[in-house]
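Read through the structure below, which is laid out as structure tokens, and then see the notes.
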2 protein chains.
Amino acid sequence: MRSETKDKIAELATELVQQVGYPSLSYQQISSQLGMKNAAVHYHFPSKEDLGLDVVRRDHEVFTKFAASVQGKGHTEQLDAFLSLYQQYLENGNRICMIGASASDYKQLPDSMRQEAAAYLTEVTGWFTRVLEAGKADGAFHFKGSAAGKAALMTSALAGALQHARLIGNDHYLAVVAQLKLELKP
Amino acid sequence: MRSETKDKIAELATELVQQVGYPSLSYQQISSQLGMKNAAVHYHFPSKEDLGLDVVRRDHEVFTKFAASVQGKGHTEQLDAFLSLYQQYLENGNRICMIGASASDYKQLPDSMRQEAAAYLTEVTGWFTRVLEAGKADGAFHFKGSAAGKAALMTSALAGALQHARLIGNDHYLAVVAQLKLELKP
DNA sequence: AAAATTACTTACTAGTTAGTAAGTTTTGCA
DNA sequence: TGCAAAACTTACTAACTAGTAAGTAATTTT
């Protein structure tokens, strides 16, 4: 019987980080929202760094499993699957992605979280690069320059679009996605 | 003799918001760094909302003046001027742009700041749209789809790239800029 | 059944936060 | 020179922050 409470804390903390950021994440908010005491959260995650690191790690794992789950599928299909993953954040309370949240909170992050977030972003851009590269080879995608450059552009555009959508509405995100897909057409 | 102190507070607050975000901006940090007392900052900016709103307004004004200053120049030149404006953030302590900072801190922002940031972003995307549209008409730029869609993509990509550069290095931002410029070539 | 481990609660600390009220100094002006 | 307004300082508050030590109840292991 593994710790359900720890999972619940991590899940809520994940949502809160995507909503308000790591610095504004508080033990009080977590404990009250889960109907427990402050110290109970500290029991599972002694320090805030422990909690924050676990949050980023879990989100990283979600992506890794996602990448494995779409492996072998068509390149357009893989891209669409990623886009709908991000779109869920938008529709679920205008969250931003974990990488974007980590990057904007960067200066307040402990080193362990910085490194984990960097590894996460490196893996995502790597995945994008491979999908784009392969998609170009089999004629599914078209773009100028290197796959790595295009991947860098796309990841940053999507992260930025999620954030900008908060300010000027979800249509902005949809417009960015539409433009990206349009430009990838052969 | 206008208030120099108020300007200095606003300037430091601007830098801090771009570094650590609005929620982590503290009167204590500002006052100690400027060699004054907490209450002195409150004298000029009674509430944190007053300060935060002024910070976004001033940054908005900087952009408005920038846009006016490059008006009439070549479209490629205008775009390059904007890019070097952003690149200064990167080189000056890995700041992120005010709009990106506002968007990621959105859930913690008072309404006045949300509205000001939204107006700011609307103005920036509008400026981009006009520059792209005109640049396409005179053959300086090439892109598929609408200028508005391309503008949405570019603003989000640049904001996201500034943030991602914190995690994986400044080369990421440069790669995104290079890709954007490459794709705009006729 | 006893011992030990897990999962908490109670109660607290030291530090930080925005914000305020009242008093003081500095500055500009008549 | 004297008055008034501007620009502060001193001293404080209430609320919040992460974190801890000690105690308790439940569960698991021996």
Fill in the blank from the handout: Between OH of A/Tyr22 and P of D/dA18 the distance, given in whole Å, is 9 Å
Exercise for the section: Using a heavy-atom cut-off of under 4.0 Å over every strand shown, decide if B/Leu51 touches base, sugar-phosphate, or nothing. Expected result: nothing
Exercise for the section: Take the protein atom NZ of A/Lys37 and the nucleotide atom P of D/dA25, then report the distance between them rounded to whole Å. Expected result: 16 Å
Exercise for the section: Output yes when at least one side-chain N/O atom of B/Thr5 is less than 4.0 Å from OP1 or OP2 of D/dC8, else no. Expected result: yes
Handout entry: Whole-Å distance separating the CE atom of A/Met36 from the P atom of C/dC8
Key = 6 Å
Exercise for the section: Using only heavy-atom distances, determine whether the side chains of A/Lys73 and A/Gln78 contain a donor-acceptor pair under 3.5 Å. Expected result: no
Problem - A/His42 vs D/dA21: side-chain N/O to OP1/OP2 distance below 4.0 Å - result: no
Handout entry: Donor-acceptor contact below 3.5 Å, side chain B/Gln18 vs main chain B/Ile96
Key = yes
Problem - A/Tyr43 side chain near C/dA7 phosphate (N/O to OP1/OP2, under 4.0 Å) - result: yes
Problem - Pi-cation contact, A/Tyr43 with A/Lys37 (under 6.0 Å, within 45°) - result: no
Handout entry: side-chain N/O A/Lys48 vs D/dA18 OP1/OP2, d < 4.0 Å
Key = yes
Exercise for the section: Search all heavy atoms of B/Lys48 against all heavy atoms of B/Leu25 and return the closest pair with its distance. Expected result: NZ-O, 2.9 Å
Practice task
Return the value, rounded to whole Å, for the distance between atom CG of B/Leu34 and atom C1' of D/dC8.
Solution key: 14 Å
Practice task
Enumerate the residue pairs fulfilling salt bridge (charged side-chain N to carboxylate O under 4.0 Å, His left out) with a member in residues 146-175 of chain A, sequence neighbours excluded, ordered by first and then second residue.
Solution key: A/Lys150-A/Glu183, A/Lys150-B/Glu183
Handout entry: Side-chain donor/acceptor of B/Gln179 to backbone N/O of A/Lys144, under 3.5 Å
Key = yes
Practice task
From the options D/dA18, C/dT10, C/dA18, select the nucleotide whose nearest atom is closest to the side chain of B/Ser26.
Solution key: C/dA18
Problem - Nearest-Å distance for atom pair NZ/P, residues A/Lys6 and C/dA7 - result: 9 Å
Problem - Nucleotide D/dT20, atom P - distance to CZ of A/Phe45 in whole Å - result: 16 Å
Exercise for the section: Indicate, with a heavy-atom threshold strictly under 4.0 Å, whether A/Ile30 touches base, sugar-phosphate, or nothing. Expected result: nothing
Handout entry: Spacing between B/Tyr27 atom OH and D/dT13 atom P, to the nearest angstrom
Key = 21 Å
Exercise for the section: Give a yes-or-no answer on whether the side chains of A/Thr125 and B/His172 include a donor-acceptor pair shorter than 3.5 Å. Expected result: no
So which protein nitrogen or oxygen atoms get under 3.5 Å of nucleotides 11-14 of chain C's nitrogens or oxygens?
none

